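What follows is a short report on a single structure.
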There are 2 protein chains.
Amino acid sequence: MESGGVPDVVVLRLPLYVRALSQLLAAGCEVVSSQKLGGLLQVTPAQIRKDLSYFGRFGKQGRGYNVRFLRDELKQILGLDRKWHACLVGMGFLGQAIVNYPGFAPEGFDIVAAFDSDAEMVGTTVQGLTVQPMGELDALVRGGSISVGVVAVPAAQAQEVIDKLVDAGVHGILNYAPVAPQVPTSVVIRNIDPVLSLQSMTFYLLKEAERASGR
Amino acid sequence: MESGGVPDVVVLRLPLYVRALSQLLAAGCEVVSSQKLGGLLQVTPAQIRKDLSYFGRFGKQGRGYNVRFLRDELKQILGLDRKWHACLVGMGFLGQAIVNYPGFAPEGFDIVAAFDSDAEMVGTTVQGLTVQPMGELDALVRGGSISVGVVAVPAAQAQEVIDKLVDAGVHGILNYAPVAPQVPTSVVIRNIDPVLSLQSMTFYLLKEAERASGR
DNA sequence: TAATGTGAAAACCTTCACAGCT
DNA sequence: AGCTGTGAAGGTTTTCACATTA
């Protein structure tokens with residue numbers, strides 16, 4: 001994917017920069033060079049400068065970047081200077097863990113509604129969120145300001161749920177189900193799949209083991 | 001990264017192929033073409049053929065691939081034809097969700113030990129796992145067959161925990177903490193970070209919103 | 001002096017297109 | 001006839017290296 005002349009890989013790295021800059025700021029650091037920032041993130045200085053150059057000129061030659069300024073610019077570019085409303089579908093173990101995860105809200109991501117197809121689950125309250133029946137999804141998303149759907153249902157139901165979310169007008173999906181979902185090109189999807197991560201990791205663990213014993 | 005002439009991106013896609021092939025098999029499909037497999041995964045047929053060609057010749061011209069055979073070959077290449085032992089560090093909300101997640105064991109990933117620095121937590125049992133004090137980590141990993149460490153501690157402690165795991169001899173790390181960890185090149189690390197995923201997503205949501213209203 | 005911003009070069013990855021096999 | 005396997009072409013991403021500026 002590629003948007004407005006900016007390569008996708010670049011957009012994927014920007015949040016990393018934002019986080020590192022926030023840390024630097026918290027540590028009282030006001031100016032940073034691409035070299036130093038790269039050291040923190042294991043990224044080459046040239047790559048950082050090139051990435052930033054897609055969006056403007058944020059540094060001062062001979063000095064580096066003002067940490068707060070660069071951080072705020074990047075947050076604005078990414079749309080992180082405002083709140084985003086999300087709904088969660090699937091309030092099983094995983095869904096509950098997601099709702100309880102304290103990392104979303106401080107970054108401006110608020111889960112404002114939750115749905116489940118299980119009648120047992122509907123009506124219960126988790127972290128101040130009352131679980132609603134799936135039938136309510138369309139009206140709530142269509143009517144409101146919800147732009148992101150978080151999918152935490154079993155694999156077998158995932159595609160169906162994703163279709164519902166897309167129909168209701170969600171433009172972004174964070175999918176925790178272990179499937180390869182199909183979405184229209186206008187919808188942005190991100191998959192969280194720890195098993196896939198492990199399954200590509202083991203390839204290298206095998207090589208490592210070979211090196212350690214034979215070879 | 002690049003290992004044995006095989007590009008990293010290729011290794012990242014192989015587990016996707018394995019999963020799709022398993023699904024096909026479950027659906028009773030015995031033969032598949034790169035075209036059909038690509039359709040399921042939103043990958044071009046040429047890419048699938050090229051990816052596979054790094055490891056051998058698995059298909060039959062004019063017919064396609066035997067689903068079971070290709071699946072088993074790929075599992076072997078990735079090291080998924082055996083069990084992998086992992087330990088979990090951090091038994092907070094997130095750690096408990098990870099231990100309860102039913103997706104790891106069926107794929108051969110067994111969490112066989114758990115550690116926490118909180119004295120309150122130590123000694124409790126979650127899903128048949130008794131939480132042990134951090135002091136035990138080194139001996140247990142060093143002595144045993146644990147090759148993967150799963151990190152589910154707060155950001156502030158993550159690097160320290162990762163260092164301990166690496167020192168103890170773990171070769172792979174699945175990190176859920178929102179940090180950019182530093183590890184030796186011999187250690188493979190995968191980060192699970194839903195907030196970063198959302199933060200790159202919003203860039204495109206912004207563009208989408210612009211398109212929808214003004215331009 | 002010290003570090004940015006950026007064209008050009010190099011490396012890398014994907015797609016094409018077709019020979020060759022079943 | 002149909003589909004794989006693969007060199008070659010095309011495209012994208014990273015790195016280099018240096019003019020430029022504070």
Side-chain angles (χ1 to χ4, degrees), chain A residues 1-17 20-21 24 29-71 73-74 77 180 185 200 203, chain B residues 1-17 20-21 24 29-71 73-74 77 185 200 203-204:
Chain A
M1 202 203 280
E2 184 268 322
S3 179
V6 183
D8 217 41
V9 270
V10 173
V11 176
L12 288 172
R13 279 191 296 265
L14 295 187
L16 241 55
Y17 300 161
L21 291 164
L24 285 169
C29 172
E30 295 189 352
V31 173
V32 72
S33 65
S34 58
Q35 174 108 87
K36 184 171 172 193
L37 189 56
L40 287 174
L41 294 169
Q42 311 276 77
V43 166
T44 65
Q47 181 154 86
I48 290 176
R49 297 201 301 275
K50 187 59 127 189
D51 284 356
L52 297 179
S53 78
Y54 284 102
F55 302 96
R57 307 165 59 142
F58 306 106
K60 285 207 176 41
Q61 277 147 325
R63 295 203 30 73
Y65 303 90
N66 178 294
V67 174
R68 182 187 301 277
F69 173 71
L70 180 57
R71 200 263 314 244
E73 287 288 311
L74 291 179
I77 288 163
T185 52
S200 65
F203 177 79
Chain B
M1 200 204 281
E2 183 269 320
S3 180
V6 183
D8 219 39
V9 269
V10 173
V11 176
L12 287 172
R13 279 191 295 265
L14 295 187
L16 242 55
Y17 300 161
L21 290 164
L24 285 169
C29 172
E30 295 189 352
V31 173
V32 72
S33 64
S34 58
Q35 174 106 86
K36 184 172 173 191
L37 189 56
L40 287 173
L41 294 169
Q42 309 278 77
V43 167
T44 66
Q47 181 153 84
I48 290 175
R49 296 200 302 273
K50 187 59 125 189
D51 284 355
L52 297 179
S53 77
Y54 284 102
F55 302 97
R57 308 167 56 144
F58 306 106
K60 286 207 176 40
Q61 279 148 322
R63 300 211 15 80
Y65 303 90
N66 177 294
V67 175
R68 182 186 302 276
F69 173 73
L70 179 58
R71 201 263 315 244
E73 287 289 311
L74 291 180
I77 289 163
T185 52
S200 65
F203 177 78
Y204 301 101

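Everything quoted here is computed from the prediction, not taken from an experiment. Here is how names work: the chains are called A, B, and so on, in the same order as the sequence lines, proteins then strands, and each is numbered from 1.
With C:dT14, D:dA22, C:dG7 as the choices, the nucleotide that has an atom nearest any side-chain atom of B:Arg13 turns out to be C:dT14. Of the candidates D:dC3, C:dC16, D:dG5, D:dC3 carries the atom nearest the B:Ser33 side chain, counting heavy atoms from C-beta on. In the set D:dT14, C:dG5, C:dT15, the nucleotide with an atom closest to the side chain of A:Gln61 is C:dG5. Of the listed nucleotides (C:dC13, D:dT13, C:dA17), D:dT13 has the atom at the smallest distance from the side chain of A:Val9. Of the candidate nucleotides D:dT13, D:dA17, D:dG5, D:dG5 has the atom lying nearest to any side-chain atom of B:Arg57.
We find that CG of A:Leu70 is positioned 16 Å from P of C:dA3, with the value rounded to whole Å. The CZ atom of B:Arg49 sits 13 Å away from the C1' atom of C:dG20 (whole-angstrom rounding). Atom CG in A:Leu12 sits roughly 10 Å away from atom P in D:dT13 (whole-Å rounding). Note: CD (B:Gln47) to C1' (C:dC13) measures 8 Å, nearest angstrom. For the pair B:Gln35 CD and D:dG2 C1', the interatomic distance rounds to 11 Å; values are reported in whole Å. Look at CG on B:Asp51: it is 13 Å from P on D:dT6, rounded to the nearest Å. One can place CZ of B:Phe58 at 19 Å from C1' of C:dT22, the figure rounded to the nearest angstrom. Following rounding to the nearest Å, A:Lys36 (NZ) and C:dA2 (C1') show an atom-to-atom distance of 15 Å.
In this structure, A:Tyr65 and A:Leu52 have side chains that are in contact, with non-hydrogen atoms separated by less than 4.5 Å. At least one side-chain heavy atom of A:Leu24 sits less than 4.5 Å from a side-chain heavy atom of A:Leu40. The closest side-chain heavy-atom distance from B:Phe203 to A:Pro15 is not below 4.5 Å. You'll find the side chain of B:Leu70 stays beyond 4.5 Å of the side chain of B:Tyr17, heavy atoms only.
Residue A:Tyr65 has a polar side-chain atom (N or O) positioned under 4.0 Å from OP1 or OP2 of C:dG5.
The residue among A:Thr44 and B:Ser34 whose nearest nucleotide of DNA chain D is located toward the 5' end is B:Ser34. Of the two residues contacting DNA chain D, namely B:Arg63 and A:Lys50, the nearest-nucleotide position lying further toward the 5' end is that of B:Arg63.
Within the structure, every pair that satisfies the side-chain hydrogen bond (donor to acceptor under 3.5 Å, both in side chains) test and touches residues 31-40 of chain A, not counting sequence neighbours, is listed here: A:Ser34-A:Arg49.
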